[in-house]
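Sequence lines set the chain letters: A, B, ... in the order given, protein chains first and strands last, and positions in each chain run from 1. Just so we're clear, the structure is a prediction, and the values are computed from it rather than from any experiment. Side-chain atoms are counted along with the backbone in the values below, which use heavy atoms only and exclude waters and symmetry mates.
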Amino acid sequence: AQSVTQPDIHITVSEGASLELRCNYSYGATPYLFWYVQSPGQGLQLLLKYFSGDTLVQGIKGFEAEFKRSQSSFNLRKPSVHWSDAAEYFCAVGSSSGGSNYKLTFGKGTLLTVNP
Amino acid sequence: DTGVSQDPRHKITKRGQNVTFRCDPISEHNRLYWYRQTLGQGPEFLTYFQNEAQLEKSRLLSDRFSAERPKGSFSTLEIQRTEQGDSAMYLCASSSRQDPNYEQYFGPGTRLTVT
């Protein structure tokens with residue numbers, strides 16, 4: 001069965017500092033990988049996704065992530081964090097059936113606090 | 001395109017009562033998903049529909065839970081004889097047949113509190 005591990009429950013960074021959120025996955029086939037962000041009282045918003053091709057993917061809000069098959073990782077990065085980035089971040093792996101993604105398995109999330 | 005909507009946004013109920021939540025997907029999205037998110041956890045898959053057919057149900061979906069999607073449009077999730085352990089955020093998502101990767105768009109969720 002697929003699984004996702006986000007080793008860091010809570011990360012605090014200063015505004016303007018760089019950010020890296022870690023994600024490790026377990027999946028038998030080529031994974032579909034996602035990063036979502038959830039602000040208080042809000043639904044999940046997709047930041048970026050990886051299905052195939054270039055292992056460095058660009059997303060919204062200046063985020064990027066790199067798929068490393070050898071390390072089963074899909075870490076999220078941002079070069080300069082803004083106060084509005086404070087939120088909870090979820091990594092997810094998609095299960096596929098018939099070649100299409102149909103079910104997401106999420107990690108437990110990483111809560112990001114941004115200090116002024 | 002107004003996004004995925006869910007109703008109600010909040011529900012407080014007493015243990016043993018039945019509750020029903022509604023999800024309206026993005027128009028013409030053929031797939032609809034339900035997830036449950038408890039405090040401090042990521043969302044967990046409950047079930048999904050392709051059009052009106054319910055194609056998979058998680059073990060998390062006990063026999064007190066039932067989901068329907070009549071006519072392949074909106075969906076309802078009913079919990080019978082609620083228990084305190086059912087307290088959670090219930091998230092709905094939808095995806096389109098036009099997207100070969102079936103990217104899922106999430107609604108704001110229904111927060112259930114069982115007292």
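Evaluated for a side chain to side chain contact (heavy atoms under 4.5 Å, CB included) with A:V4, the options A:N24, A:L104, A:V93, A:L33 yield exactly one hit, A:V93.
Proximity to chain B (any heavy atom under 4.5 Å) is shown, for A:Q6, by neither the backbone nor the side chain. When heavy atoms are compared at a cutoff of 4.5 Å, B:R9 approaches chain A solely by way of its side chain, counted from C-beta outward. Heavy atoms closer than 4.5 Å to chain A are found in the side chain of B:Y35, but not in its backbone. Heavy atoms closer than 4.5 Å to chain A are found in the side chain of B:Q37, but not in its backbone. Interface remark: A:L44 contributes backbone and side-chain atoms alike to the contact with chain B (heavy atom separation under 4.5 Å).
The most heavy-atom pairs under 4.5 Å with chain B, out of A:K49, A:Q42, A:K108, A:Q45, come from A:K108.
No hydrogens or angles considered: nothing links the side chains of A:E88 and A:Q38 as a donor-acceptor pair under 3.5 Å. B:T47 and B:E56 form no side-chain donor-acceptor contact under 3.5 Å, judged by distance and modelled atom types alone. Residues B:Q17 and B:Q80 have side chains that never bring a donor and an acceptor to within less than 3.5 angstrom of each other.
Here B:E52 does not pair with B:R69 in a salt bridge; the nearest charged N to carboxylate O distance is not below 4.0 Å.
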